[in-house]
Student: 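Handing you a structure now.
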Amino acid sequence: TLILIALHKVSSIHPPTKFLLRCLAITDFCVGVIVQPLFAAFLMEIARGKWYVLYMTLTTLNFTFCGFSLATATVICVDRLLALLLGLRYRHTVTLRRVRFLIVCLLVVVMVIGFIYSLSSQSLANSAGFVVIITSLFLSVFSHVKICLKLRQHQAQVLVRQRVGHEKGNSGEIQLNIEQYKKIVSTIAWVQLALLFCYIPIFIFLILSTMTIADWYEVGSIFHVSALTVVYFNSTLNPILFCWKIREVREAVKTTVKQIPCLSS
């Protein structure tokens with residue numbers, strides 16, 4: 001909630017990028033207030049042996065919120081790559097309306113995958129989940145590698161121009177823009193790393209669940225419960241990373257906390 005309020009106050013972030021960060025924060029919020037309590041109820045129902053219906057509901061929400069979080073983080077990486085490649089054309093190409101349309105499409109896709117899992121074919125839904133995860137990871141890695149290469153190329157060009165004396169007047173402004181851009185990219189990189197490590201266990205579980213080779217991969221097993229717990233923990237890490245890496249958000253959060261009487265006193 002504090003992150004959402006802080007993003008509302010911050011005006012230095014480009015609207016489409018801020019909208020994507022809001023979507024990620026809203027997803028984390030929904031995981032905390034909807035999925036986590038349902039998961040706790042599922043753990044209690046396992047002992048009673050009446051967990052199937054609750055598990056189907058939980059799985060649908062997992063595909064929806066966790067899949068949407070993964071897709072949104074990937075879109076943010078691609079957005080930062082486009083900001084670097086398009087330059088001045090970025091604000092005319094990546095508009096808030098287009099980003100909203102893309103987010104709605106992604107939300108519909110992950111919801112459909114969740115309903116397919118709960119209502120019809122689990123193997124088909126798992127296959128679709130594999131495609132989403134692999135595609136998201138590939139796009140994220142590709143975007144970060146491309147960004148690093150492009151930044152190195154830009155810095156080399158700036159050094160060459162400075163040596164020949166062609167950028168004495170505006171080199172400071174360019175460096176300032178690049179430094180601000182690097183901070184956002186660094187934040188998204190940390191978010192992606194946290195997401196990757198938190199999703200590896202559930203990814204392994206989905207692979208093993210399609211192979212009848214052992215019983216420790218089954219629903220309700222220790223491995224399954226631990227993998228879901230680590231996935232949900234990712235929604236706790238994201239707000240911490242936002243406050244740690246984005247100075248504007250951190251300052252807005254501090255200001256908001258000071259305005260709450262019970263906390264400021």
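Side-chain atoms are counted along with the backbone in the values below, which use heavy atoms only and exclude waters and symmetry mates.
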Student: To the closest 0.5 Å, what do you measure between CG (Leu70) and SG (Cys198)?
Tutor: 11.5 Å

Student: Measure the acute angle between the ring planes of Tyr232 and Phe39, then classify it against the limits of 30° and 60° as parallel, tilted or perpendicular.
Tutor: perpendicular

Student: Hey, what do you get for CG (Leu21) to CD1 (Ile26), rounding to the nearest 0.5 Å?
Tutor: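 Rounded to the nearest 0.5 Å, the CG-CD1 separation comes out at 11.0 Å.
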
Student: When rounded to the nearest 0.5 angstrom, what is the spacing between CG in Leu2 and CZ in Phe29?
Tutor: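 Reported value, rounded in 0.5 Å steps: 11.0 Å.
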
Student: Within the 4.5 Å heavy-atom criterion, are Leu137 and Tyr199 side-chain neighbours or not?
Tutor: no

Student: Are the side chain of Ser69 and the backbone N or O of Phe65 linked by a donor-acceptor pair below 3.5 Å?
Tutor: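 Flag not set: sc Ser69 to bb Phe65 has no pair under 3.5 Å.
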
Student: Quick one, Val253 and Val249 - any side-chain contact, counting heavy atoms below 4.5 Å?
Tutor: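 With C-beta onward as the side chain, the pair touches.
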
Student: Quick check on the hydrophobic clustering: are Ile76 and Val78 connected, directly or via other members, by side-chain heavy-atom contacts under 4.5 Å?
Tutor: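 Linked, Ile76 and Val78 end up in one cluster.
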
Student: Could you walk me through whether Tyr90 and Leu84 pass the side-chain contact (heavy atoms from CB on, under 4.5 Å) check?
Tutor: CA-CA 8 Å; Tyr90 168 74; Leu84 188 61; over 6 Å; no

Student: How about Cys23 and Phe68: do any of their side-chain heavy atoms sit closer than 4.5 Å?
Tutor: yes

Student: Look at the side-chain heavy atoms of Ile, Leu, Val, Met, Phe, Trp and Tyr, link any pair under 4.5 Å apart, and say whether Val33 and Ile5 land in one connected group.
Tutor: no

Student: What closest approach, in Å, do Leu195 and Ala73 show between heavy atoms, and which atom pair accounts for it?
Tutor: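 Taking every non-hydrogen atom into account, CD1-CB, 4.0 Å.
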
Student: Is Ile204 reachable from Ile134 through a run of hydrophobic residues whose side-chain heavy atoms are each under 4.5 Å from the next?
Tutor: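 In one cluster: yes.
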
Student: In the single-linkage hydrophobic clustering (I, L, V, M, F, W, Y; side-chain heavy atoms under 4.5 Å), do Leu38 and Val231 co-cluster?
Tutor: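 In one cluster with Leu38: Val231, yes.
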
Student: Could you check if a side-chain atom of Ser143 sits within less than 4.5 angstrom of a side-chain atom of Arg80, using non-hydrogen atoms only?
Tutor: no

Student: What do the steps show when you test Val35 against Leu58 for side-chain contact (heavy atoms from CB on, under 4.5 Å), and what is the final call?
Tutor: CA-CA 7 Å; Val35 182; Leu58 178 64; 3.8 Å; yes

Student: Strictly by side chain to side chain donor-acceptor pair (under 3.5 Å), give each pair with a member in residues 92-112 just once, sequence neighbours left out.
Tutor: none

Student: What distance do Leu24 atom CG and Asn238 atom CG have between them, rounded to the nearest 0.5 Å?
Tutor: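 Separation between the atoms: 5.0 Å.
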
Student: Determine whether Val10 and Ile13 make a side-chain contact, defined as any pair of heavy atoms from C-beta on separated by less than 4.5 Å.
Tutor: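 Touching, per the 4.5 Å side-chain cut-off.
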
Student: In chain order, what residues pass the side-chain hydrogen bond (donor to acceptor under 3.5 Å, both in side chains) check against Ser136, with sequence neighbours excluded?
Tutor: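 For Ser136 there are no side-chain hydrogen bond (donor to acceptor under 3.5 Å, both in side chains) partners, ignoring immediate neighbours.
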
Student: Rounded to the nearest 0.5 Å, how far apart are NE2 of His14 and CG of Leu20?
Tutor: 10.0 Å

Student: Grouping I, L, V, M, F, W and Y whenever their side-chain heavy atoms are under 4.5 Å apart, do Phe138 and Leu149 come out in a common cluster?
Tutor: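 No, Phe138 does not connect to Leu149 through the hydrophobic network.
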
Student: Decide yes or no for Leu107 and Thr64: does some side-chain heavy atom of the first lie under 4.5 Å from some side-chain heavy atom of the second?
Tutor: yes

Student: Would you indicate whether the side-chain heavy atoms of Pro239 and Asp28 approach each other to under 4.5 Å?
Tutor: yes

Student: For the residue pair Lys9 / Thr256, report whether a side-chain donor-acceptor contact shorter than 3.5 Å exists.
Tutor: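 Indeed, the side chains of Thr256 and Lys9 share at least one donor-acceptor pair under 3.5 Å.
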
Student: For a 4.5 angstrom cut-off between non-hydrogen side-chain atoms, does Thr57 reach Phe42?
Tutor: no

Student: Taking everything shown except Lys18 itself, do over 12 heavy atoms lie less than 6.0 Å from its NZ?
Tutor: yes

Student: Measure the spacing between CG of Leu96 and CZ of Phe101 and express it to the nearest 0.5 Å.
Tutor: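 If we round to the nearest 0.5 Å, Leu96:CG and Phe101:CZ are 14.0 Å apart.
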
Student: Stepwise, does the side-chain contact (heavy atoms from CB on, under 4.5 Å) test hold for Val110 with Phe63?
Tutor: CA-CA 6 Å; Val110 295; Phe63 271 104; 5.7 Å; no

